Structure formats: C-alpha cells, structure tokens
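The structure appears right after this line, and notes come after that.
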Amino acid sequence: MSLVSQINSLKAVHDYEGLVDLIPYAKFIGVETSMVGDKIVSNLPYMNDNIGNPALPALHGGVIAGFMENSALFHLLWEIEVLNIPKIIDFSIDYLRPGQAVTTYSHCDIIRLGKRVALCNVKTWQDDINSPIALARGHFLLSNNDPID
Amino acid sequence: MSIKSFLKQINHTPHAKKLGLQLVTAEGCTITLKLPFNDSIIGDPINRYIHSGAITTLVDTACGVSIFQTQNNTRAMATLDLRIDHQRPAILGNEIFATAECYKLTHTIAFVNVTVYEDDITNPIATAVGTFMRSNKEFPHTE
C-alpha cells in the first residue's frame, strides 16, 4: 500500500497516532500525537537522548526544531489532501526559552495554502501554552518539483 | 583541556551522540561536523529523504561548535534564532557535512553561517544562518 493510501486509511478511522509509524525520524525523537478539539497536537515526552546541554538540562535546539518541523508536516498530512510528502523549503525558528526536561507540545497553523506551497506557523510550549518555548514559520512544497511552463 | 579536545567531545552530548555527530575539522573561526546516514532519521519514506530535523540538529550543533572554536573557551551559548533554506534533498545513504563559520562575535551575541553538503561544498543541500546569545556559564565537559 502506498504511503498516501496509508495516510488516507489512517484518516478514515481517525487514527492520528498512526502517523508516527510512517515517519522514522518522528519515532527517533519519540513524537506522539493527540487531538485537542479538532486540532492535531504533537507531543514530545521527555527523553534523555534528546538533551543538548546536560548541565541545565535542556533539550537540544535541533530536537526542538525537528519536532516543530515534524509537527507542521503531520498537520499538513492530516489536514490537506497530499499526493506526496510535503517537502520543506525553508524554516525559521525563534527560541524564546530553554526546553526543560518535561513533555513538549507543538501545533501548527496553516497561514496560506496555495496549490504548490503552504506557509505554516508553528508554536511549541511545555507547561503553559501562553509561554511558548519556540515559535517558527516555514514553507512546504506540496506539488512535485516539476518545471513551471 | 585544549579547545580541540573539548570540541571532539561534542559526541558526548546525548542527542549528538544518538545522531552520531563527529568533529571533522576546526580551523580559525570555521569548523566542520559530520552526520552519518542512518535509516532511523528518514523523514520521507517514499523517496527515502532524510528528515529536515536531523539536518537542523547538525546545523545547530555546528553553530555551537564554531562559537566555542572562535571564542576559544568552553562557555555555553543559547540559540536565539536559526533560519535554514533547504535547497535539495540529500543523496540517499551519503554522509552529510556541515561547515559553520562564526563570522562575528560581540560581547553578547554570536553570528554564524552554515553550509550543509555531501562531498562538494559548492553544491549545498542547505544553507543556514543563526544568532546565539553568549553566556559566562561553562558548557559541561568530561576530562
């Protein structure tokens, strides 16, 4: 079964948790998914392997970014009809607070959905959704990278 | 401990160790890190492309290492922002390198440019810029 049809069968039975099994990197950093209202939220339970500075300890900035990129990817896979896996074009992240050794949450808003490109805003927080630890924006390519006419 | 032996310990940091990051060179204000290929960091199983998150971690770590190298001490820094442009997917199975240059240090801020590539730095996978807050806290290291 192709990946796109696997995603469609997950959507049909509302199995958002099954997304993680499709993307090896999501498993690698320990991503889980949940549904809050009608929004898909990614969770990252604390794992010692995700630490970047053992003295604080603080999550690796790269893990926070990878988690946010993946949360945008999951959001796109879940919310729109895709023919292939959206490909990241650029990602710009602002770090506001250190990532503590607790569960981290992330959700994505699609700011603009075009035929070929989506612009996403991603917010990541830990104990308090009103005190995000990082904010990011990124573009994703939705279509195949075919030459334009 | 010399700064070079400290930089080699980058793979003691839990997440850098998990990814298998290694220091390749450190010269002047520029350093190069290596990310080995591994099936578990794939982000697009159809095309078998590496997940951008692994590349971002390589970039963020390379920035930090270039700052240690440039300031010539082991004081920690915190990422303020990072912007990555993904120019093409990595070729499957290849090792990936990130060369980071800390081109400006002020008393409080470090500015870094990064290029990510396989075997040819003039044909990058991604380019990135980052700014970092410097601190006077020591980054932990083992003797």
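Nothing here was measured: the structure is a model prediction, and the numbers come from that model. We use all heavy atoms of the structure for the numbers below, so side chains are in, but hydrogens, waters and symmetry mates are not. Lettering follows sequence order; numbering is per chain, from 1.
- Considering only heavy atoms from C-beta on, L19(B) comes within 4.5 Å of F28(A) through its side chain.
- Minimum heavy-atom separation, G53(B) to E69(A): N-OE1, 3.0 Å.
- Ranked by heavy-atom pairs under 4.5 Å with chain B, the list I93(A), I23(A), I64(A) is led by I93(A).
- Linking ILVMFWY residues whenever their side-chain heavy atoms come closer than 4.5 Å, directly or via other members, places L19(A) and I110(A) in the same cluster.
- Residue M68(A): no heavy atom, backbone or side chain, is found under 4.5 Å from chain B.
- Put simply, CG on N53(A) and CE on M77(B) are 9.5 Å apart, with the number rounded to the nearest 0.5 Å.
- Proximity to chain A is absent for every atom of A78(B), based on heavy atoms less than 4.5 angstrom apart.
- Once rounded to the nearest 0.5 Å, the distance linking CD of Q87(B) with CD1 of I89(A) reads 12.0 Å.
- Distance check: T57(B) OG1 to N50(A) CG gives 9.0 Å after rounding to the nearest 0.5 Å.
- When hydrophobic clusters are built by joining Ile, Leu, Val, Met, Phe, Trp and Tyr residues whose side-chain heavy atoms come closer than 4.5 Å, directly or via intermediates, Y46(A) is not grouped with Y105(A).
- Between the CG atom in D94(A) and the CG atom in D81(B) there is a gap of 5.0 Å [rounded to 0.5 Å].
- A donor-acceptor pair under 3.5 Å links the side-chain atoms of D60(B) to the main chain of G62(A), judged by distance alone.
- Of the listed residues (D85(B), T56(B), I42(B)), the one with the most heavy-atom contacts under 4.5 Å to chain A is I42(B).
- Between chain B and the options P86(A), A26(A), G52(A), the largest number of non-hydrogen pairs under 4.5 Å is found for G52(A).
- Of the N and O atoms on the side chains of N70(A) and H51(B), at least one donor lies less than 3.5 Å from an acceptor on the other residue.
- Atom OG of S40(B) sits about 10.0 Å away from atom OH of Y25(A), to the nearest 0.5 Å.
- For A128(B), no part lies under 4.5 angstrom from a heavy atom of chain A.
- To the nearest 0.5 angstrom, I88(A) atom CD1 is 12.5 Å from D44(B) atom CG.
- A 6.0 Å sphere centred on NZ of K39(A) holds more than 12 heavy atoms belonging to other residues, nucleotides or ligands.
- The closest side-chain heavy-atom distance from K87(A) to P89(B) is below 4.5 Å.
- Pairing each heavy atom of H15(B) with each of I29(A), the nearest pair is CE1-CG2, 3.9 Å.
- For L22(A), the part lying under 4.5 angstrom from a heavy atom of chain B is the backbone only.
- Chosen from T79(B), L58(B), T13(B), the residue pairing most often with chain A at heavy-atom distances under 4.5 Å is T79(B).
- S2(A) has its side chain out of reach of I46(B): every pair of non-hydrogen atoms, C-beta onward, lies at least 4.5 Å apart.
- Annotation for K11(A): atom NZ counts as buried by contact number, over 12 foreign heavy atoms lying within 6.0 Å.
- You'll find the side chain of L82(B) reaches within 4.5 Å of the side chain of Y95(A), heavy atoms only.
- Counting heavy atoms from C-beta on, the side chains of P24(A) and D39(B) never come closer than 4.5 Å.
- L56(A) and F139(B) fall into different hydrophobic clusters, where Ile, Leu, Val, Met, Phe, Trp and Tyr are joined by side-chain heavy atoms under 4.5 Å apart, directly or via other members.
- Residues T61(B) and H60(A) meet the side-chain proximity criterion, which asks for heavy atoms closer than 4.5 Å.
- At a threshold of 4.5 Å between side-chain heavy atoms, the hydrophobic network of Ile, Leu, Val, Met, Phe, Trp and Tyr places L23(B) and V59(B) in one connected group.
- In terms of hydrophobic clustering, with Ile, Leu, Val, Met, Phe, Trp and Tyr side chains grouped at heavy-atom distances under 4.5 Å, F97(B) and V114(B) are assigned to different clusters.
- S92(A) contributes no side-chain N or O that, together with a main-chain N or O of R83(B), makes up a donor-acceptor pair within less than 3.5 Å.
- Between the side chain of H86(B) and the backbone N or O of D90(A) there is no donor-acceptor pair closer than 3.5 Å.
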